[in-house]
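Let me begin by presenting the structure, written as structure tokens, before commenting on it.
Note that the numbering runs from 1 along the sequence shown for the chain.
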Amino acid sequence: MLRRKSTEGVSIVMLYLWFAGNMFYGAYALADNLYFGLVIQPQLFALFTLINIMQVYWYRYKLSFVSVAAASLVLCIFYAGLHVGMWKAIDAAIRRDQHKAVEFMGVLPAVLIALGFFPEFYVCVSEQSVEMSNVFIAFDILGGVFSTISLAFDHTFDYIASITYLIVVLLDLVLVAMKIFFSVRSTQGLAHKQKQGSEPGREELVLQSKVDMRTEACTDNASDPSTA
């Protein structure tokens, strides 16, 4: 996104669902006393997802820096508060042997993250192109694979936690298949190129705004009799 200065082809609904899913999974991993790396991983994923959300607001919706920073702060506060609350709730459920509640909180992140892929699938089918970078998809798949493997080296293999990673790998492979399909049909990347050529960027909009303001000022001076 940063290199292209565009977020076209990326669903913001997907990003928000991923953000929420990682918040719940981070709380579950912490309460379930998973391996340290598996506790940090969802926090980092949520951070990178938040950065992507802010890029959408900046590049697509052209919000000001102050607005983007305020939105980021609100989301961080929301994440921290709900994360701590869910961590304490899951920890209490584990100590009380409330297995159904613990299982639900372990499966919920997988459901949210999986649901997040479907708005992106819709965008990809609509544009006949997958705009996610190959590097991102590759790292996402490798992250899911290695995270699943690392569960085997924990004190006990957490099958519920593995669901989240395996679903991500499976749905990322769907994106890979779609990317190959659209490349064969020669539509891969065309939607972004067309929009990039037809829509002005942030710099162009700022420059045009300044020109319009100067033109309006000149017009007002010319029509004001006192300046004659």
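Between Pro109 and Gly21, the shortest heavy-atom distance links the atoms CB-O, 3.3 Å. Heavy-atom minimum distance, Phe121 versus Met178: CD2-SD, 3.8 Å. Contact between Ile12 and Arg60 at its shortest, heavy atoms only, is N-NH1, 4.4 Å. Pro119 and Leu115 get closest at one heavy-atom pair: CD-O, 2.9 Å.
Judged by distance alone, the side chain of Glu120 and the main-chain N or O of Met14 form no donor-acceptor pair under 3.5 Å. In this structure, Glu103 contributes its side chain and Lys100 its backbone to no donor-acceptor pair below 3.5 Å. The backbone N or O of Ile180 lies less than 3.5 Å from no partner atom in the side chain of Gln188, so there is not a single donor-acceptor pair. Side-chain atoms of Arg95 never come within 3.5 Å of backbone atoms of Ile90 as a donor-acceptor pair (strictly under, hydrogens ignored). The closest donor-acceptor contact from the side chain of Thr49 to the backbone of Leu15 lies at 3.5 Å or more, if one exists at all. Of the possible donor and acceptor atoms, none in the side chain of Ser72 sits under 3.5 Å from a partner among the backbone N and O of Val68.
Distance CG/Leu112 to CZ/Phe117: 12.5 Å, rounded to 0.5 Å. Summarising the geometry, atom CG belonging to Leu30 is positioned 8.5 Å from atom NZ belonging to Lys88; distances are rounded to the nearest 0.5 Å. Taking CD1 from Ile53 and CG from Leu75, the interatomic distance works out to 6.0 Å, rounded to the nearest 0.5 Å. Rounding to the nearest 0.5 Å gives a distance of 10.5 Å between CD1 of Ile94 and CE of Met105. Rounding to the nearest 0.5 angstrom, the gap separating the CH2 atom in Trp58 from the CG atom in Leu63 is 9.0 Å. Here the straight-line distance linking atom NZ of Lys179 with atom CE of Met132 works out to 9.0 Å at 0.5 Å rounding.
The closest side-chain heavy-atom distance from Val56 to Asn52 is not below 4.5 Å. The closest side-chain heavy-atom distance from Ser129 to Thr187 is not below 4.5 Å. Counting heavy atoms from C-beta outward, Ile141 and Val176 have side chains that approach closer than 4.5 Å. Gln43 places none of its side-chain heavy atoms less than 4.5 Å from the side chain of Asn22. Within the 4.5 Å cutoff, side-chain heavy atoms of Phe45 are placed close to those of Trp18.
The aromatic rings of Tyr57 and Tyr61 sit tilted relative to each other, their planes meeting at an angle between 30° and 60°.
Under the 4.5 Å side-chain contact rule for hydrophobic residues, Ile77 and Met54 do not share a cluster. There is no path of hydrophobic side-chain contacts, each under 4.5 Å, that joins Phe139 to Phe48. Linking Ile, Leu, Val, Met, Phe, Trp and Tyr whenever their side-chain heavy atoms come within less than 4.5 Å puts Val13 and Phe78 in one cluster. Residues Phe118 and Val107 fall within the same hydrophobic cluster, defined by Ile, Leu, Val, Met, Phe, Trp and Tyr side chains chained together at heavy-atom separations under 4.5 Å. In the hydrophobic clustering of this structure, Phe157 groups with Phe153; members are Ile, Leu, Val, Met, Phe, Trp, Tyr whose side-chain heavy atoms approach within less than 4.5 Å, directly or through other members.
Taking the side-chain contact (heavy atoms from CB on, under 4.5 Å) definition, one finds that Phe146 meets it with Leu142, Ile149, sequence neighbours left out.
Through side-chain heavy atoms spaced under 4.5 Å, either directly or across other Ile, Leu, Val, Met, Phe, Trp or Tyr residues, Val123 is tied to no other residue.
For Ser147 and Ser150, the side-chain atoms include no donor-acceptor pair closer than 3.5 Å. Using modelled atom types, one finds no donor on one side chain facing an acceptor on the other under 3.5 Å when comparing Gln41 with Tyr35.
Taking the six-membered ring for Trp, Tyr28 and Trp87 have ring centres at least 6.0 Å apart. The distance between the ring centers of Phe19 and Tyr16 does not fall below 6.0 angstrom.
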Just distance, no hydrogens or angles: give the donor-acceptor pairs under 3.5 Å from side chains in residues 159-175, sequence neighbours left out.
from	atom 1	to	atom 2	distance (Å)
Ser162	OG	Tyr159	O	2.6
Tyr165	OH	Tyr25	OH	2.8

